[in-house]
Amino acid sequence: RLRKWQRKIRISGATERNLAFALSELDRDSSRLGLPRSVREAASVVYRSAVENKLIRGRSIEGVVAASLYAACRRCNVPRTLDEIAEVSRVSKKEVGRTYRFLTRELNIKLPPTSPVDYVPRFASELGLSGEVQSRAIEIIEKAMEKGLTSGRGPTGVAAAALYIASVLLGERKTQRDVADIAGVTEVTIRNRYKELTEQLEMGVTL
Amino acid sequence: MTDVDIKIENIVASAAIGKDIKLTKVSKALEGVDFNREQFPGLVFKLKEPKTAALIFSSGKLVCTGAKSIDDSILAINKTVDLMRTVDKDIPHEFEIKIQNIVASANLEATLNLEAVALELENTEYEPEQFPGLVYRSQDPKVVLLLFGSGKVVCTGAKTKDDAKLGVERAYDRLSELDLI
DNA sequence: GCTTTAAAAAGTAAATT
DNA sequence: AATTTACTTTGAAAAGC
């Protein structure tokens with residue numbers, strides 16, 4: 001009896017230590033990403049439910065924390081790319097993605113794919129673009145989605161191209177290099193996307 | 001039911017010749033062989049006709065990949081085993097061959113709005129940040145489909161050509177029912 | 001889980017020319 | 001900027017870590 005009790009204490013002690021480690025890891029990653037407290041809390045909720053459902057088995061705490069953060073960012077509409085998550089955590093992009101899929105499947109979390117619109121505010125502010133440019137970029141993205149020009153394309157590339165076009169249209173021109181660096185895509189991708197957008201949406205733009 | 005043309009792109013088959021093999025010995029009889037025991041326990045042998053690759057194990061089992069038809073897959077295995085027999089006369093002429101996986105492609109001839117498909121169709125995964133295709137796990141037949149915005153489809157996990165074809169056709173009909181195509 | 005093989009889809013990336 | 005090469009995803013088997 002006594003042994004069983006001691007074992008329980010030992011286990012709960014280990015559980016608490018793991019949770020404490022996970023939460024500190026979560027804080028560290030969140031700080032590096034500059035995420036608001038609300039997102040950290042959302043991520044900790046995901047992490048705790050993962051623990052409750054015994055989904056940590058065979059997985060690293062860092063990996064589950066990173067995946068929880070990725071999921072929370074998406075749910076709160078302040079998405080971070082897998083590359084950004086992988087950069088601040090010590091988990092590979094592949095691991096984060098696989099753990100994310102596992103968690104969402106096991107916890108029955110259905111998150112729609114990230115909309116390029118959700119990347120506009122962050123990219124725009126980092127580029128020092130006005131609210132008008134942001135609004136115009138969002139209009140472009142919404143039209144693109146209606147016409148099926150976003151299926152299969154990376155959300156960041158679409159957001160980057162829309163911001164680039166909007167910046168030129170409203171006289172706040174940014175170079176493709178600047179936008180590409182902030183969005184984490186290449187100039188070639190921006191070029192491919194914006195050609196597609198200007199051609200298939202009725203924009204008679206000459207950039 | 002809607003008829004959709006399927007093209008087999010790759011077949012994975014396994015064979016078990018009932019006899020242990022000395023890989024070092026066999027490697028001398030075959031041309032262009034890769035073999036690094038530390039890296040992978042199998043011997044890699046590439047055949048030019050049919051263009052396939054075979055993995056040969058010391059247990060006498062092998063895996064053949066790359067064939068575009070079941071006949072080619074069987075032919076490739078027989079050719080490979082015939083070559084192995086030049087250095088090991090005791091290899092049986094009669095052995096089992098199993099088709100393990102068939103990869104096929106098809107075209108639905110209609111563009112797809114993947115975000116809509118992801119919302120309406122069950123058992124799907126769509127993460128455009130990682131891969132442009134939507135993953136659809138069909139339960140019957142049990143195959144996995146990759147659906148693209150262009151309407152092109154890849155079917156994998158099938159054991160028979162009929163299952164691959166049926167998987168694509170049922171997916172097409174399902175998309176029609178849901179008014180997604 | 002990983003290692004190795006082959007092949008398609010479409011997007012993205014990086015190295016060459 | 002066009003080409004080429006290459007990596008992302010899916011499935012399955014083999015023997016062993």
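So you know, we letter chains A, B, ... as the sequences are listed, proteins then strands, and number each from 1. When reading the values below, keep in mind they use all heavy atoms of this one structure, side chains included, and skip hydrogens, waters and symmetry mates.
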For B:T65, answer base if it contacts any base atom (sugar-phosphate contacts may also be present), sugar-phosphate if it contacts only those atoms, and nothing otherwise; contact means non-hydrogen atoms under 4.0 Å.
base

So does B:R37 get a side-chain nitrogen or oxygen closer than 4.0 Å to the phosphate oxygens (OP1/OP2) of D:dA15?
no

Would you classify A:T186 as touching base, sugar-phosphate or nothing, given that sugar-phosphate means primed atoms plus P, OP1 and OP2, and contacts are heavy atoms under 4.0 Å?
sugar-phosphate

Take the protein atom CD of B:Q100 and the nucleotide atom P of D:dA12, then report the distance between them rounded to whole Å.
10 Å

Could you state the atom-to-atom distance from CG of B:L147 to P of C:dA8 in whole Å?
19 Å

Return the value, rounded to whole Å, for the distance between atom CG of A:N192 and atom P of C:dT12.
7 Å

Specify the separation, in whole Å, of atom CD of B:E109 and atom C1' of C:dA9.
15 Å

Between A:Y194 and A:Y164, how do the two ring planes meet: parallel, tilted or perpendicular, split at 30° and 60°?
tilted

Please work out if B:S59 contacts a base, only the sugar-phosphate, or nothing of the nucleic acid, heavy-atom cut-off 4.0 Å.
sugar-phosphate

Between C:dA13 and D:dT9, how far apart are the two P atoms, rounded to whole Å?
15 Å

Positive for salt bridge (Lys or Arg N to Asp or Glu O under 4.0 Å) with B:D88, one of B:K19, B:K25, B:K22
B:K19

Report the distance from atom CD of B:E38 to atom C1' of C:dC2, rounded to the nearest whole Å.
16 Å

Quick one: do the B:E115 and A:S151 side chains pair a donor with an acceptor below 3.5 Å?
yes

Partner of D:dT5 by Watson-Crick or G-U wobble geometry, both contacts under 3.5 Å, or none?
C:dA13

Decide yes or no for A:Q200 and A:K147: does some side-chain heavy atom of the first lie under 4.5 Å from some side-chain heavy atom of the second?
no

Give one of base, sugar-phosphate or nothing for B:K51, where a contact means two heavy atoms less than 4.0 Å apart.
sugar-phosphate

Work out how far the P atom of D:dT3 is from that of C:dA6, and round it to whole angstrom.
27 Å

Under 4.0 Å, heavy atoms only, any strand: does B:G167 hit a base, just the sugar-phosphate, or nothing?
nothing

What nucleic acid atoms does B:V153 come within less than 4.0 Å of, heavy atoms only: base, sugar-phosphate, or nothing?
nothing

Could you check B:E31 against B:K46 for salt bridge (Lys or Arg N to Asp or Glu O under 4.0 Å), going step by step and ending with a plain yes or no?
CA-CA 8 Å; B:E31 279 183 49; B:K46 298 189 179 182; over 6 Å; no

Applying a 4.0 Å non-hydrogen cut-off, can you work out what B:G133 is touching in the nucleic acid: base, sugar-phosphate, or nothing?
nothing

When rounded to whole Å, the CG to P distance for the pair B:L146 and C:dG11 reads 14 Å

Check the distance between C:dA9's C1' and B:Y136's OH and give it to me in whole angstrom.
18 Å

Remember a base hit wins even if backbone is also touched, and classify B:K98 as base, sugar-phosphate or nothing at under 4.0 Å, heavy atoms.
nothing

Let me know the distance between NZ of B:K142 and C1' of D:dA12, rounded to the nearest Å.
11 Å

Between B:P41 and A:V188, which is nearer to the 5' end of DNA chain C once each is assigned its nearest nucleotide?
B:P41

A:R191 side chain near D:dA1 phosphate (N/O to OP1/OP2, under 4.0 Å)
yes

Cation over ring, A:R59 on A:F102, under 6.0 Å and within 45°?
yes

Using a heavy-atom cut-off of 4.0 Å across all strands, would you classify A:R98 as base, sugar-phosphate, or nothing?
sugar-phosphate

side-chain contact (heavy atoms from CB on, under 4.5 Å) partner of A:E62, the single match among A:V91, A:T99, A:L26
A:V91

On DNA chain D, check which nucleotide each of A:Q176 and B:S14 is closest to and give me the residue with the more 5' one.
A:Q176

Mind checking if B:T52 touches a base, just sugar-phosphate, or nothing, with heavy atoms under 4.0 Å?
nothing

Quick check on DNA chain D: between B:G42 and B:N10, whose nearest nucleotide comes earlier from the 5' end?
B:N10

With a 4.0 Å cut-off on heavy atoms, is B:V63 in touch with a base, just the backbone sugar-phosphate, or nothing at all?
base

When we call it a touch if two heavy atoms are under 4.0 Å apart, what does A:R193 touch: a base, just sugar-phosphate, or nothing?
sugar-phosphate

Would you indicate which nucleotide in D:dT10, D:dT9, C:dA7 comes nearest to any side-chain atom of B:T156?
D:dT10

